[in-house]
Amino acid sequence: MPPLFKKILVANRSEIAVRVMRACRSIGIPTVAVYSEADIRSKHRLLADESVLIGPPPPRESYLDIEKIIAAAKQTGCDAIHPGYGFLAENPLFPAACKKSGITFIGPDSEAMRLLGNKVESRVKMADSGVPLTPGMKGSGKELDQFAKAAESAGYPVIIKAAAGGGGKGMRIVTEPAGLADAISAAQREALNAFGDDTIYLEKYLTDPRHIEFQVLADHHGHCIHLFERECSIQRRHQKIIEETPSVALTPELRAKMGADAVKVAQAAGYTNAGTVEFLLDKSGKYYFLEMNTRIQVEHPITEMVTGVDLVVEQIKVAAGLPLGDHLKDLTQRGHAIECRIYAEDGENNFLPSIGTVLHYSEPEGPGVRIDSGIAPGSEITMHYDPIMAKLIVHAPDRNTAITKMTDALEQFKILGVKTSRRFMIEVLNHPEFVAGRTFTSFIPAHMSNRDTSAGESHALAAVVAGVVMSKPAATTSPTGGRQAVTTPWDTIGSWQIGDSVS
Amino acid sequence: MNTHQFLIGEEKIETSVERSGDSWIVTSGGRTYEISTLPNGLFAVSVDGHRTIAAAVKHKGIVYVDLGRFQFELTSATDAATSGGAGDSHRAKDKVFAPMPGRIVKIMVAVGDSVTERQQLVIVEAMKMENPVLAPSAGKVKAVHFAAGDQVDTDSPIVELDI
């Protein structure tokens, strides 16, 4: 198969940029990275065939700057751009700008993106499609009494959400009328800051649902399929931290029904390329459409592990105009996959973001162990970007084995210099409720609130290792880890830029 | 053979380290450990038939150790060195600092207010999320040094308490 595109620019950073570039390379397409001044020595930049510096660290001046990114694509002769997730991935202005410049955007078109990105509009649209919706406000609201009325009608508890929202930002749960006013202003503030849009709406807050989402893929020839579900109920403050597939809560019948509805949602929106339809499943087995995400998602690898499909490669094929291939017919889920997101957050101290230099970084290995990472020894975690460092995914023949395998992989994953939530995740995975499959969105507040964060018995073990470190020659003082203990020319090259003029 | 004494938080631990061929024999607390160095900054530690792989690195006077499930920061009890930086455990409990650099969204207390331990005092916005800053101890607000909208670093106290 001749390369589908001449060159693809990846408009993102860190682990997703690395992962997208791997997909491009796997089908023979050269890659271009864009990077900010904070990412000069980053893994995603050094892995690309070419790279373009696009600005100082703040996203607004770099990764969110459409003009600079399009210019970088033109400068390097790219005919396609992949947005990754976050940043511009769900900004309808981006595919529109790509189209105007004659560059293929690897994702849906701007109208589908705009419609589904507006949670209020998509609720209104899906109301006509026969897909069940969570009870709540018809459109968006501004006045306190609009919200109060909708809350009374839906019944407390309710949740205030940002119309332009995602990633748990701009959301507040309200348990009684007295909390409504404060929740509205807090949600508006966070929404304005995160999305530049303070439009908010209200839905009934389902107590203790499961968050089940379906991966969909649609080509430009009218075909749309789903690639089964992901169970994403382990969340902290509405941010997913552990995801798995299949979901223990779905019977084959329920799976087929929800999958069919997911396809219905995508088709009703005229959607093309990869996307995710999110549902909430309550304990009685009733499910409700929540929203559709118009991008490749963080947790896409677990779908890939059980289906054997490379979703990013499929995205590139769809964008190049190919119809969905025969290999996508009759897909099944094989075995069980779990993903743990490794964030630079202190799991033993209220998940405070942890900034610093990665002094040691070494990954677990083995069959069925996959790591999508943007980090190497010496990487800097700064305050400019989301603190996600890597995603650890395991695949095993069954769920219990996947849990054991993931626990071992988390223990073999060694990271020093920044704090992470690995220990927290090991405790979640081995909690009897998790093992029993009773994973609802209330899991973390219900089971992980009063943790014993002491580690007294291991102090001696740490001390003896430290004793050896102090007795060894100075080799252990530089960032360590990775597969190569030798330095590369990249470490000594200093600052430089492609296209720098010689003066 | 050399001896090293370490501090983990408040706890002092003494180790005696001896080279033995390609590996190290370390005694501590009456137990004997055998430690081999592996490539890439890793160590294999054996004690009582139980083996652990650890990563460890020394940086600015602190030894960082990752045992897999637990991570530690050790300072040398025999040095006069301070641990420096924004280490939470070494902060006085009467001063409240931002956990990382950011912008103050809201200060929920005023001078004269009584606060309980772990009460939310300030909200600092960083990494696109709002982070609550909690009172390290119960007390009375003595001083508030910043206002909503101000940028803060981790070294200037935002609120001071009489505890």
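Values in this document were obtained by computation on a predicted structure and should not be read as measured data. Sequence lines set the chain letters: A, B, ... in the order given, protein chains first and strands last, and positions in each chain run from 1. Note that these values count all heavy atoms, side chains included, but never hydrogens, waters or copies made by symmetry.
Atom-to-atom distance recorded for B:Leu7:CG and A:His459:NE2 is 11.5 Å, nearest 0.5 angstrom. A distance of 4.5 Å separates CE in A:Met470 from NZ in B:Lys58, rounded to the nearest 0.5 Å. Put simply, OH on B:Tyr64 and NE2 on A:His360 are 14.5 Å apart, with the number rounded to the nearest 0.5 Å. One distance of note links NZ of B:Lys60 with OG1 of A:Thr357; it measures 7.0 Å at 0.5 Å rounding. Separating the CZ atom in B:Phe70 from the CD atom in A:Glu348 is a distance of 8.5 Å, to the nearest 0.5 Å. Atoms CD and CD1, from A:Gln412 and B:Ile53 in turn, are 6.0 Å apart once rounded to the nearest 0.5 Å.
Annotation for A:Thr480 and B:Asn40: closest pair CB-O, 3.8 Å, computed over non-hydrogen atoms.
The part of B:Thr37 that comes within reach of chain A is its side chain, from C-beta onward, which places non-hydrogen atoms under 4.5 angstrom from that chain. In this structure, chain A has a heavy atom under 4.5 Å from the side chain of B:Ile35, while its backbone stays farther away. For B:Glu14, no part lies near chain A; criterion is any non-hydrogen pair under 4.5 Å. Residue contact with chain A, scored on non-hydrogen atoms closer than 4.5 Å, involves the side chain of B:Val63 exclusively. In this structure, the portion of B:Thr52 lying under 4.5 Å from any heavy atom of chain A is its side chain and not its backbone. Looking at A:Ser458, both its backbone and its side chain come within 4.5 Å of chain B, counting heavy atoms on both sides.
Partners of A:Thr407 according to the side chain to side chain contact (heavy atoms under 4.5 Å, CB included) rule, which considers only residues two or more places apart in sequence or in another chain, are A:Ile403, A:Glu411, A:Ile426, A:Leu429, A:Asn430, B:Arg69.
The pair B:Glu125-A:Arg189 does not count as a salt bridge, with every side-chain nitrogen at least 4.0 angstrom from each carboxylate oxygen.
Considering only heavy-atom pairs separated by less than 4.5 Å from chain A, the leading option among B:Val26, B:Leu67, B:Ile123 is B:Leu67.
Not one N or O on the side chain of A:Lys414 forms a donor-acceptor pair closer than 3.5 Å with the backbone of B:Gly41. A distance-only check finds no donor-acceptor pair linking the side chain of B:Asp66 to the backbone of A:Leu416 [under 3.5 Å].
At a threshold of 4.5 Å between non-hydrogen side-chain atoms, the residues B:Val45 and A:Leu461 count as touching.
Side-chain atoms of A:Ser471 and B:Asn2 include a donor-acceptor pair closer than 3.5 Å.
Applying the 6.0 Å contact sphere to CG of B:Asp162 captures more than 12 heavy atoms from other residues, nucleotides or ligands.
The ring-ring contact (aromatic ring centres under 6.0 Å, His included) analysis of residues 404-430 of chain A, with sequence neighbours excluded, yields the pairs A:Phe351-A:Phe424, A:Tyr361-A:Phe413.
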